[in-house]
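These notes are about the structure you will find just below.
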Number of protein chains: 2
Amino acid sequence: MGTDKVKGHLDVLLLQVLKDGPAHGYSVVGALRQRSGGTFDLPEGTIYPALHRLEEARFLDSDWELVNGRRRKLYRLTNSGAAALVKERNRWAEFVAAVESVLAPATLGSA
Amino acid sequence: MGTDKVKGHLDVLLLQVLKDGPAHGYSVVGALRQRSGGTFDLPEGTIYPALHRLEEARFLDSDWELVNGRRRKLYRLTNSGAAALVKERNRWAEFVAAVESVLAPATLGSA
DNA sequence: TCCCATACATAGAAACTCTAGGTATCTTGA
DNA sequence: TCAAGATACCTAGAGTTTCTATGTATGGGA
C-alpha cells in the first residue's frame, strides 16, 4: 500500500542526521528510528537510494571504510549540503506554519 | 519538476476546510490559498481529483448547485469524514513531533 | 466582441517511498 | 559445526500522490 511515513521530507532528515556527524547508511536507519522515537522506522530501500541522490546532488560525499571485515560507506555533509540543510529547514518551518494555519478553526477570524 | 507543495497532507487540509462549511472545488482552491497565506496555491488538477478520491472514500458527499447560470458541485463532510479528520489531525501532530525531534540538535542529549 | 474569472474535468508525466528481492560478513548459540 | 540473525550494501519495479497540460462551458466587463 505504500505507507509513506516521511512524506517528502526525507532529505531534511538525512541532512540533519549527517550534520550531527558522519555516518553510514545502515546506522542512519537506526539514528532516525531512535531520534524520532520509533516513528521513522524506514526500510533500507528508502535510505540507500536517498543517500545516493543526495550524494549525486553534491550535498554529501562518501568514503569506504573497513570495520571488522565489513565494508561501510561513510557519508559526510558537504558545505553545499549544509547550505541545503538551512534552506530545507526553512522550508519545513514554512510548511508547518502553512498547514497549521489551515488547520486552525476558521471561526476565529483569519485577520 | 513537480513542486509538490502539500507533500501528502492534502487530505487533512481538504477535510478541515470542508469541516468549516460546505464548499465547491474552485472555492476550496481560494480558501487554501487564503488560509495558508499564499503558500498553498494549488492547481485545479490537484484539487478536483483529490475531492473525487475523498468522495469515493465516503468522507465527502456532494450535490450540484446552479448559481448565476454556473453549475457547482457542493461538497459536504460526512460523519465518516469528520472521524477521518480527527485521525488525520492526530497523524499530523505525530508527524510534526517526529520530524522536530530529528531536527533538534543531537548534541543536547536525547534522553 | 474579446478576454478574464469562474467552474468543472481528465490523461499522462514526474517524483518519492516502499516492497521485495539479492549479496556478503561476522557473531552467537544450539 | 552449522544455522540464524545482525550488520551492511545494493537495485528493480510497483504504488501513490501531485503537477502539467489541456479541454469544455458560462457570465461579466471593457
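In what follows, every chain begins at residue 1, and chains take the letters A, B, ... in the order their sequences are listed.
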Donor + acceptor pair across side chains of B:R35, B:Q16 (<3.5 Å): no
Same apolar cluster (I L V M F W Y, side chains within < 4.5 Å links), B:V96/B:F40: yes
Nearest-Å distance for atom pair CG/P, residues B:L32 and D:dC19: 11 Å
Whole-Å gap separating C1' (D:dA6) and NE2 (A:H24): 12 Å
Side chains of A:L51 and A:L18 in contact at under 4.5 Å (non-hydrogen atoms): yes
B:L42: which of B:L13, B:V28, B:L10 passes side-chain contact (heavy atoms from CB on, under 4.5 Å): B:L10
Between B:E55 and B:S62: side-chain donor-acceptor atoms closer than 3.5 Å: yes
Rounded distance (Å) that lies between atom C1' of C:dC16 and atom CG of A:L14: 13 Å
Axis-to-axis angle between the two ends of the helix from C:dT1-D:dA30 to C:dA30-D:dT1 (five base pairs per end, rounded to 10 degrees): 0°
Heavy-atom side-chain contact between A:L15 and A:L60 under 4.5 Å: yes
Separation of C:dC16 P from A:L10 CG (nearest whole Å): 10 Å
A:D11 CG - C:dT17 C1' separation (whole Å): 12 Å
Same cluster (ILVMFWY, side-chain, under 4.5 Å), B:W92 and B:V6: yes
In one Ile/Leu/Val/Met/Phe/Trp/Tyr side-chain cluster, 4.5 Å: B:L85, B:I47: yes
Any B:Y26 side-chain nitrogen or oxygen under 4.0 Å from OP1 or OP2 of C:dT6: yes
Residue-level proximity of residues 64-77 of chain B to DNA chain D when a heavy atom falls under 4.0 Å: B:N68, B:G69, B:R70
Side-chain N or O of A:H52 closer than 4.0 Å to phosphate OP1/OP2 of D:dT11: yes
Spacing of B:K7 atom NZ and A:F95 atom CZ [to the nearest 0.5 Å]: 7.5 Å
Electrostatic pair A:E94-A:R91, nearest N-O below 4.0 angstrom: no
Residues within residues 39-50 of chain A bordering DNA chain C, heavy-atom distance below 4.0 Å: A:L42, A:P43, A:G45, A:T46
A:R53 vs C:dA15: side-chain N/O to OP1/OP2 distance below 4.0 Å: no
Within 6.0 angstrom of A:K73 NZ, more than 12 heavy atoms from elsewhere: yes
